[in-house]
Protein chains: 2
Amino acid sequence: MMPPRTLASAAREPDPSRRNNLSLLTSLVHHHGVLSRAQLTRHTGLNRSTVGTLIGQLVALGLVYESAPAGEGQVGRPSPNVHPSPSVAALAVNPEIDAVTIGLVSLGGKVQKKIRFDTERIPSAREAVNIAAAVIAGMRSELDASYRITGIGMAVPGLVNRDDGVVRHAPHLGWRNEPVARMLSEAAGYPCQAANDASLGAEAELLFGAGAGQGNLIYLNGGASGIGGGIISDGQLLRGASGYAGELGHTFVRSGGKTCHCGATGCLETEVSQSRLLELAGLTRGDTADLEKALATSSSAEVNDEVARQLMFLDIALRNAVNIFNPEAIVLDGFLGTLYALAPESLDRVLLSQAMDGPAGQVKIYRAALGSDLMMIGAAELAFTPFLADPAGLGTTTRTAPAAG
Amino acid sequence: MMPPRTLASAAREPDPSRRNNLSLLTSLVHHHGVLSRAQLTRHTGLNRSTVGTLIGQLVALGLVYESAPAGEGQVGRPSPNVHPSPSVAALAVNPEIDAVTIGLVSLGGKVQKKIRFDTERIPSAREAVNIAAAVIAGMRSELDASYRITGIGMAVPGLVNRDDGVVRHAPHLGWRNEPVARMLSEAAGYPCQAANDASLGAEAELLFGAGAGQGNLIYLNGGASGIGGGIISDGQLLRGASGYAGELGHTFVRSGGKTCHCGATGCLETEVSQSRLLELAGLTRGDTADLEKALATSSSAEVNDEVARQLMFLDIALRNAVNIFNPEAIVLDGFLGTLYALAPESLDRVLLSQAMDGPAGQVKIYRAALGSDLMMIGAAELAFTPFLADPAGLGTTTRTAPAAG
DNA sequence: GCACAATTGTTCTAGACACAAACATATTGC
DNA sequence: GCAATATGTTTGTGTCTAGAACAATTGTGC
C-alpha cells in the first residue's frame, strides 16, 4: 500500500538531535545578539567540532553570519563572532484604539521599520487587518528582495485564543470572536499568529529588556485601555488552556468596588486607571509621558491622594501575584511604571512586609526598558518561535535571492 | 589506540537521545500504569524496532516487565503489556501537626505501605526527621531485599525552597529555616528532596487523580492548618524562583479583613477556615469526614450563612485564579471539597458569570480523587522525577550493602 | 477449516550524528 | 622570538534510530 515514499518535495527531515542543536544555537544567537563561537560552545555544552559544523550549516542557510574576532584581551586563538542575520525577519502588527502599528523586526530583536497608521476611530477587526495587509503589500517588493520572512505576529489588547488565533473578546476595541490570525494570513500571504499584547510584552521584556536572563517574571502594563499582564514562569510564558492566561488586570483588590466590564467587582483595572490620573492632573488628552511630567511637578493634595490610593491597590495585586508566582522580577510598564517611579520605596517596602517571607525575599521591581518597540518585538517573537524550533525547516521555504545584510 | 579513557568507575553515559527515549518510555509507563508495546510506539512516535530495543533495555534494568497480551478484540499479532516494576519505589514523608506519615510508593503510583505515627504535640523538624528515619530503618531489611529505592520525597505544609530542601517557614508546624532534606538524607541514608505539600498534591492529582490528562489545573486543599495551593501549567508544576510558588491561600479576598499570620490582611485563609465550620457544627475536634457529615445534615441558619459566606470568598479566589491561569480544571480537596459539594451549582454559576469570558468558558471544578494517598504519591513523585529523567542511571546506583545510617 | 488480511515483534543494515583525538592557527606574556 | 593558551579544523569511531524484510499471531470471509 506504500507508494514510492512521501512526495519528493517534502523537506529533508534532519535527525531530531540535529534539529534540536540547530534550534539551540539559533535561539542563543537570536536572544543574545552576538556571541563568539567559543561562548556558544560553553553555553550549549556541545563539542567544539560539533559547534563548528552546526554554525557552518547555519551560515549556509543564511541564518547567521560570522565576523572577525574582536581580538583583544584573551589569550589563545580568537573566536569569531556569530551574529543573527538581519535578513531573517518577522512582521509585527499591533492594533490599538487609535492606530494600527506595523513593524519589521529582524532576528536578534532589532526593529528595522515601524509604521504607525493612525485611525480616526476605533478600527474594526476587518479594518485593522486591511490596514496591516496594505502596509505589508507596500513593503512587499522590499521584503521579497532583502528579507526572509518567518511570518506575522499580532499583539491584540484582549483575550486571544493562541491555538487558533481567534480574538475571543477585546473590550476596548469592541471585537468579539474575530479570527484575526486567519484573516490577516489570507490577506497578507504570510502565516500569522495572534496573542495577547501584554503576554507578548512579558516575553519581550524577558528576552531583550529589563528582565533579561530572569526565569520568573511578572509583567504589568498600564495603558489608556486598562491593565494587562503577562507571566513568565521558568523561562516560559504562561499560556493556560487556550492562551488566555495572565489577566492580572482583573485581580480582586477591593470589596464593594465598582462593577468592571468583565462582570465582576473590585478589579484592579477599575480602581487603578490612567484616565482618572489624567483628569486630576488637568490633562484632557495625553499619553503616559505627558502624565509622568504632570504628576512629578504637581503638588496638589488631591493628586497625591489619588496616587497613594492607586498605589495601595496596585500593591494588593502585586502582593497576590508574588505569593502565587514567587518571581524574581516584576516589570511595570506604562503608567504603572510612572506610579512606581513616583514612590518606589513605598511599594518596595510594602511588598516586602505584606507578601510572605519566602516569595518576597528576592523579588525586585523594574520599570520596563523597551519602550515603544516592546510590542513589535513581542509580536515578532510569535513568528520567530516556530522558526527557532526548526531553523533548518525554513531553508525549504526560502524565497527568491536575498541580499546579504 | 585507546588511551586510559575516563576512569573505569564512571557510569557509562548513554547518548542523550537514548537517555531521553528511555526517560520518555519509563515516564509513560509510570503515569499510565499499563501500556502495550504498540501503544507506546504510537505515543512516542518512535519506530517499532526502536521501542523493542528500548523496552528490552528497561526489562534488563528491572524497571519494567512484560506480561502476556490481553489477546482479544484486535486484529493482528497481540502486543505484550508493559508494566512498571513494583520493586522500584520511593519513600514518602509527610509531617503534620499531629502525626508524621511515612509511605512506600512503587513505580506506577501504587502506595505499597503507609505508616502513620501519631505525635502528642506538634513535632519539631528534628523530631519529624528522627521519626521518619526510625520508621525507614525498621523497613530497611525489607527495602534492601525487595526494592530499589530512588530516594525520599518530603511534603511539608509550608514554604519550602525546592532547590536546597530548606523549609523557610512552616507556620503551623512552627518551623523556620530547617534544612529538612539534608537532615533526613543524612539520617536515613537516601537522597531526599522536599517541597510544599499542596504543590505535590497538585502534581499527584494531575498524574493519577481527578485532573489526569489535563495540562492546566489548579489544586486547592483546605486542611486543619489552612489552605494550600498548587498550580500546574502546561503539564508542569509552577515552581517560581525558589519553589515557593502556589500560595493561593493568601489570595486577597476582603478589604479590611483580619490580619493573617503572613502579615497581610484579608487573605483567603483567614476568611475561609475549617475550624470556624467545625465550631458552628458543634464539633470540638474532628476531621474533614466528620465535618462533611455534620454540615450535610445541619439545618441551622447560622451554619448555612457561614457556608455561604465562605463560598463567596472561595469564589473570589477562584475567579482570580481562573483569570490569571486559564485552567481546564480546578481540583478542590479537604474541606474545600466539602464546601463545594454542599452547593456545587452555585460555585459553578458564579464562577462562570464573574470570571472573564474566555478563561471561564472551559473550566470544570472537581473534588479530589486520591484521598489520603495523595500526599504519599505526590511526595514520592519528588523522588521519582530525577529517576525518570535518567532511568538507566539508577542501574549504577543499585544498592547492595545496607550500612549507611 | 483454510486462505488471506492486518498488526506487531524481530533481525539486519545503513545513514546520521556527536565526540574525541590529533593537528593547525592565532594571540598573550616574557 | 618562544612557550603557553585557547580555539578552529580534520578525520575516524561508536552509538543510535529508522527502514526493510521476515516471522508470528489473531480475526474474517468463504
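Numbers restart at 1 for each chain; the letters A, B, ... are given by sequence-line order, proteins then strands. Note that this is a predicted model, so its numbers are computed, not measured.
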Legend entry - B/Gln214: partners by side chain to side chain donor-acceptor pair (under 3.5 Å), with sequence neighbours left out: none
Legend entry - Identified side-chain contact (heavy atoms from CB on, under 4.5 Å) counterpart of B/Met376 within the set B/Val111, B/Leu104, B/Leu370: B/Val111
Can you measure [X] atom [atom1] to [N] atom [atom2] for me and round it to whole angstrom units?
{"X": "A/Gln57", "N": "C/dA16", "atom1": "CD", "atom2": "P", "value": "12 Å"}
{"X": "A/Asn20", "N": "D/dC16", "atom1": "CG", "atom2": "P", "value": "17 Å"}
{"X": "B/Arg77", "N": "D/dC22", "atom1": "CZ", "atom2": "C1'", "value": "11 Å"}
{"X": "A/Leu25", "N": "C/dA18", "atom1": "CG", "atom2": "P", "value": "10 Å"}

Inset, instruction - Measure the shortest side-chain to side-chain distance between A/Glu205 and A/Leu200 over non-hydrogen atoms and say whether it is less than 4.5 angstrom. - result: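 A side-chain contact is absent here, since even the closest heavy-atom pair is not under 4.5 Å.
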Legend entry - A/His30-A/Phe208 aromatic ring centre distance below 6.0 Å: yes
Legend entry - Salt-bridge contact B/Arg239-B/Asp163 (side-chain N to carboxylate O under 4.0 Å):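 Yes.
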Pairs under 3.5 Å (N/O, protein and nucleotides 17-19 of chain D):
from   : atom 1 : to      : atom 2 : distance (Å)
D/dT17 : OP1    : B/Ser17 : O      : 3.4
D/dT17 : OP1    : B/Ser17 : OG     : 3.4
D/dT17 : OP1    : B/Asn21 : ND2    : 2.6
D/dT17 : OP2    : B/Arg18 : NE     : 3.1
D/dT17 : OP2    : B/Arg18 : NH2    : 3.0
D/dA18 : OP2    : B/Asn47 : N      : 3.0
D/dA18 : OP2    : B/Thr50 : OG1    : 2.6
D/dG19 : O6     : B/Ser49 : OG     : 3.1

Inset, instruction - Identify, between B/Gly76 and A/Val75, the residue whose nearest nucleotide on DNA chain D lies closer to the 5' end. - result: A/Val75
Inset, instruction - Verify the distance criterion only: is there a donor paired with an acceptor across the side chains of B/Asn47 and B/Ser49 at less than 3.5 Å? - result: yes
Inset, instruction - For the pair B/Ser23 (side chain) and B/Asp390 (backbone), establish whether a donor and an acceptor sit closer than 3.5 Å, ignoring hydrogens and angles. - result: no
Inset, instruction - Using heavy atoms and a sub-4.0 Å distance, could you list which residues of residues 33-42 of chain B are near DNA chain C? By number, please. - result: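 B/Arg37, B/Ala38, B/Arg42 - these, ordered by number, are the residues of the stretch whose heavy atoms sit under 4.0 Å from the strand.
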Inset, instruction - Looking only at non-hydrogen atoms, find the nearest pair between B/Glu66 and B/Pro80 and report the distance. - result: OE2-CG, 3.7 Å
Inset, instruction - May I ask you to verify if any side-chain N or O of B/Ser79 is less than 4.0 angstrom from the OP1 or OP2 atom of C/dG9? - result: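 Checking C/dG9 against B/Ser79, a side-chain N or O does come within under 4.0 Å of OP1 or OP2.
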Inset, instruction - Have a look at A/Pro80 and say if it touches a base, only the backbone sugar-phosphate, or nothing, with a 4.0 Å heavy-atom cut-off. - result: sugar-phosphate
